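Data first, discussion second: the structure below is written as structure tokens.
Just so you know, these numbers come straight off a predicted model, no measurement behind them. Convention: sequence-line order gives letters A, B, ...; per-chain numbering from 1.
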Amino acid sequence: MADYNHIDIESRWQQYWRDKEVFKTEINKDKPKYYVLDMFPYPSGAGLHVGHPLGYIASDIYSRYKRQQGFNVLHPMGYDAYGLPAEQYAIQTGQHPEKTTNDNIARYRSQLDKIGFSFDWSREVRTCDPKYYKWTQWAFMQMFNHYYDTELGKARPISELVAHLEKYGTEGHHAAETKEINFTADQWNAMSEKEQRETLMNWRIAFQGETMVNWCPELGTVLANDEVSEGLSVRGGFPVEQKLMRQWCLRVSAYAPRLLDDLNNLAWSDSLKETQRNWIGRSEGAEMRFPVKNSDIELEIFTTRADTVFGVTFMVLAPESEYVKLLTTPEQKEAVDAYLNEVKHKTERERQIDKKVTGVFTGSYAINPLSGKEIPIWVSDYVLAGYGTGAIMAVPAHDSRDYAFAKKFNLPIIPLIEGADVSEESFDAKEGIVCNSCGPDLDLNGLTVKEAIAKTKQHISEKGIGRVKVNYRLRDAIFSRQRYWGEPFPVYYKDGIAYLMDESALPLLLPEVSSYKPTADGEPPLGRAENWKTPEGYPIELCTMPGFAGSSAYYLRYMDPHNDEALVSKEADEYWRDVDLYVGGAEHATGHLIYSRFWNKFLYDLGLVVSPEPFKKLVNQGMIQGRTNFVYRIKGTNTFVSKGLADQYETTPIRVDVNIVNNDILDREAFKAWRPYFADAEFILEDGKYVCGYAVEKMSKSMFNVVNPDVIVEKYGADTLRLYEMFLGPVEQSKPWDTNGIDGVNRFLRKLWNIFSKRTDSEQSAKEKKIMHTLIKKVSQDIENFSFNTSVAAFMIAVNELGKLPSVSAKSMDEFARLIAPFAPHIAEEFWHELGHEGSVSDSEWPKWDEEALKEDTVKYPVQFNGKMRFNIEVPAGSDKAAVEKAALSDPAAEKWLEGKTPKKVIVVPGRIVNIVI
RNA sequence: GCAGGAAUGGUGGAAUGGUAGACACGGGGGACUUAAAAUCCCCUGGCCGUUGAGGCUGUGUGGGUUCGAGUCCCAUUUCCUGUACCA
């Protein structure tokens with residue numbers, strides 16, 4: 001055989017896989033299914049860097065392994081093709097986002113192909129493809145046509161709710177709602193169609209609502225909560241402000257209890273589950289009504305600290321609360337209006353940065369329902385309109401925010417826990433013995449906080465002052481985007497009221513527009529589309545759907561990607577069911593992974609999918625960071641000093657392209673050619689070399705530390721890249737990319753190649769068999785545990801050991817080819833065919849290890865004295881504890897450590913260790 | 001602030017409570033070669049010692065449980081990730 005030539009081998013086998021459609025998957029009821037999914041990428045203009053394929057390589061190894069184990073493996077790939085960067089590029093250049101997107105997809109595809117993945121490309125989906133987004137639009141229509149029954153805990157057709165309203169009005173319905181409204185059947189029946197449709201928005205799962213939204217003026221669009229971080233847009237980092245707008249929303253909040261409970265059944269990492277639990281944010285408390293003095297208004301509040309009602313010294317309304325208007329007295333009106341105005345002009349960012357305590361008194365008083373005391377009602381922006389009821393009872397002694405407010409406005413502070421010192425700060429901990437809490441019909445003094453909460457809850461329910469209530473932090477998802485590059489809504493407006501189009505109108509194609517900017521009067525880009533009307537002339541919705549719309553059910557579409565009749569056929573869904581293994585980044589914890597679960601549960605309620613959860617097991621691959629190289633320029637010169645000598649000069653570190661640095665040694669000629677102003681650079685060397693410094697940073701163009709997988713594949717081959725990415729460390733862990741170590745992996749493949757070339761037809765010797773079966777066992781177990789770095793190490797050990805043998809049999813090489821096929825499929829395929837097999841090695845059977853072959857004649861025991869390792873003994877296999885103990889004590893080396901004493905105790909752990917206690 | 005995770009050589013990282021540092025990179029030495037590359041062999045946590053001995057010490061820090069702790073428990077520091085006026 002010739003030398004190992006990765007270019008020839010890899011292109012040949014990739015061609016073979018394409019020609020023979022080796023990875024095309026069909027339903028096969030004779031085989032168990034296994035569904036391995038990667039989070040599909042957004043094809044950005046920058047292309048892939050070496051960090052992106054990490055998860056894809058891991059999932060590819062796993063799916064090839066499962067396939068060799070006899071599973072029918074579904075392993076698809078596609079593109080999350082709608083997104084902001086393509087649209088912004090379109091605004092700048094006028095190029096259609098579809099063109100940009102297609103170009104980027106082509107580039108991604110060619111990069112992915114070079115790595116040798118076992119994707120079934122016949123199932124590719126693109127979210128911007130009308131055949132695909134037809135089903136995104138269709139799902140939206142189903143959500144529009146359903147409401148959520150909180151008692152049954154599932155979605156039901158809106159027609160059933162309408163039937164209830166016609167008969168009973170709102171009395172006794174259990175629909176999850178935007179806000180509580182009440183009317184009788186007669187009132188409902190008397191409503192006009194327009195009124196009825198507007199009212200139903202209160203219950204539909206996809207509904208239009210006036211909500212406070214995250215409005216990003218720079219991007220000209222609304223953003224979902226997970227698209228905003230610290231008051232800035234995640235994409236672009238532009239300021240985001242709060243604005244009241246009429247938007248499409250999805251009633252995700254209705255599913256909060258199920259989204260929370262079902263987490264327990266998932267094989268996800270604890271940290272990811274915890275992130276979702278926090279995001280859903282269940283809190284158990286009480287809802288309580290505080291009557292307003294001289295009025296029949298009652299203020300409803302939510303609290304988790306029912307035990308502190310006796311310490312309520314004032315109440316606070318959110319500025320947006322509708323009670324503000326009702327409770328402001330004429331004398332206070334001017335001050336309140338001024339305050340509201342001031343708050344309105346603050347952005348979310350400003351609100352968060354300056355945590356100045358502000359507020360204003362409404363002039364009204366409420367009555368504490370337990371103590372009967374009068375308490376003033378204030379307005380402040382530290383109370384959020386969107387959580388609970390938009391009003392709070394303030395307990396300054398035991399809540400730090402209320403404390404700050406009370407201090408600023410000189411409101412009384414009553415401590416309620418024995419021994420709590422509230423002269424400097426509030427006592428927030430939920431512990432201690434309650435005091436100062438005795439009213440006309442309730443005495444909490446002497447109880448623990450926990451007991452007091454329970455007793456108060458019971459009391460207020462009995463007295464009808466309030467009720468036990470569970471609140472969730474999870475908000476409804478805002479589903480409109482004022483953008484062009486997204487799915488159009490199958491919605492038109494008649495008399496200003498939204499109507500769904502007929503299903504036969506699907507897919508509703510995204511129209512062409514003359515420009516991708518908002519229109520002059522501030523409408524979304526679709527406002528420029530000509531003839532954006534139904535045949536009857538009704539205007540069509542101008543917003544498009546957000547990015548998560550298309551990515552929420554794509555895993556279902558892969559099961560049956562070409563079906564024109566349904567999102568997924570019953571047959572395909574019942575066979576493939578759910579994703580067995582999902583690999584992707586943890587950054588989707590509170591976005592995609594919530595929305596997808598919600599979407600799946602909705603379809604599950606409708607009986608359209610059989611699995612209540614989409615992703616059984618989930619692995620979060622870590623991020624690959626960049627390893628930036630630095631050169632050190634002596635200040636005021638164009639002379640660069642090597643790292644080891646840099647501290648002798650006053651230098652400025654400058655980032656240098658990692659691609660002109662090898663093992664931290666700078667390629668000086670390439671450096672001079674890199675930038676014109678370095679052309680006449682001079683160097684101060686150490687040992688004739690220029691050594692660069694390094695730091696770990698995010699991999700990005702601006703840091704000059706991007707490593708392109710294409711370059712690695714060309715130089716070393718895809719098999720080397722695959723093995724090396726796995727060898728770097730655990731898949732779940734973030735780590736810097738360092739090309740330096742890659743030679744070791746490449747060396748291993750060449751050694752393997754040489755051993756293969758010299759194989760003989762002789763029998764597999766016992767020694768060989770032992771090496772191979774140790775390897776089979778180790779690799780099999782490691783793959784199951786997703787511990788690919790240690791598998792790669794095991795391969796290296798095996799090759800080193802095989803290399804020491806006088807000869808290696810073809811049988812061992814046969815086993816080796818099958819074992820390494822998931823990791824390095826190209827070289828494995830080459831071996832497989834050299835060995836005379838037909839078909840792909842990915843269809844070969846996964847080898848099983850033989851415990852017999854691993855057995856030793858003797859067992860080695862480390863002998864410890866008082867836990868300190870001293871010497872080793874060897875005993876025949878199968879020796880019992882007494883025999884091992886005897887062998888240890890009678891070993892000549894034991895005498896020295898026993899020092900003539902009798903051991904107090906001897907511990908023998910079979911197969912492990914002997915510890916002698918003296 | 002809260003929640004979750006992590007901390008092991010010069011570097012990436014191995015270690016079902018049982019000989020810490022597998023495997024690899026880097027470094028040092030040697031073989032082959034006119035030379036270089038490639039390849040192969042040996043050494044490589046620290047300290048003391050020896051120069052075919054050996055010993056001590058060592059997994060962020062301080063305690064604890066155990067015959068035995070990198071691993072379990074408590075406290076603490078630092079770092080990373082997520083989240084944050086959520087009442």
Quiz item: Which value, in whole Å, describes the distance between the P atoms of nucleotides B:A6 and B:A15?
Solution: 14 Å

With the criterion being N/O to N/O and under 3.5 Å, what pairs connect the protein with nucleotides 69-80 of chain B, and how long is each?
none

Quiz item: Paired with B:G1: which nucleotide, if any, by Watson-Crick or G-U wobble criteria at under 3.5 Å for both distances?
Solution: B:U83

Practice problem: Tell me which nucleotide among B:G82, B:C40, B:C56 gets nearest to the side chain of A:Arg870. | Solution: B:C56

Practice problem: Return no unless some side-chain N or O of A:Arg747 is found under 4.0 Å from OP1 or OP2 of B:C40. | Solution: no

Quiz item: Considering only the C1' atoms, how many Å lie between B:C56 and B:G62, rounded to the nearest integer?
Solution: 23 Å

Practice problem: Answer yes or no on whether A:Arg597 is positioned over the face of A:Trp279, meaning its NZ or CZ is under 6.0 Å from the six-membered ring centre and within 45° of the axis. | Solution: no

Quiz item: Is any N or O donor-acceptor pair between the side chain of A:Arg305 and the base of B:A87 shorter than 3.5 Å?
Solution: no

Quiz item: Does NZ or CZ of A:Arg750 lie under 6.0 Å from the centre of the six-membered ring of A:Tyr4, at an angle within 45° of the ring axis?
Solution: no

Quiz item: Is the base of B:G9 syn or anti, where syn means the angle lies within 90° of 0?
Solution: syn

Quiz prompt | Inter-nucleotide C1' distance (B:G58, B:C47), Å rounded | solution = 10 Å

Exercise. Quick one: label A:Asn800 by what it contacts on the DNA or RNA (base, sugar-phosphate, nothing), any heavy atom closer than 4.0 Å.
Key: sugar-phosphate

Self-check item: Listed partners of A:Phe290 passing ring-ring contact (aromatic ring centres under 6.0 Å, His included), at least two apart
Solution: none

Quiz item: When only distance counts, do a donor and an acceptor, one from the side chain of A:Gln864 and one from the base of B:G18, lie under 3.5 Å apart?
Solution: yes

Self-check item: B:G17 versus B:G70 - spacing of their C1' atoms, nearest Å
Solution: 11 Å

What N/O pairs connect the protein and nucleotides 9-13 of chain B at under 3.5 Å? Give each pair on its own line.
from, atom 1, to, atom 2, distance (Å)
B:G12, O2', A:Leu728, O, 2.7
B:G13, OP1, A:Gln733, NE2, 2.9
B:G13, O3', A:Asn789, ND2, 3.4

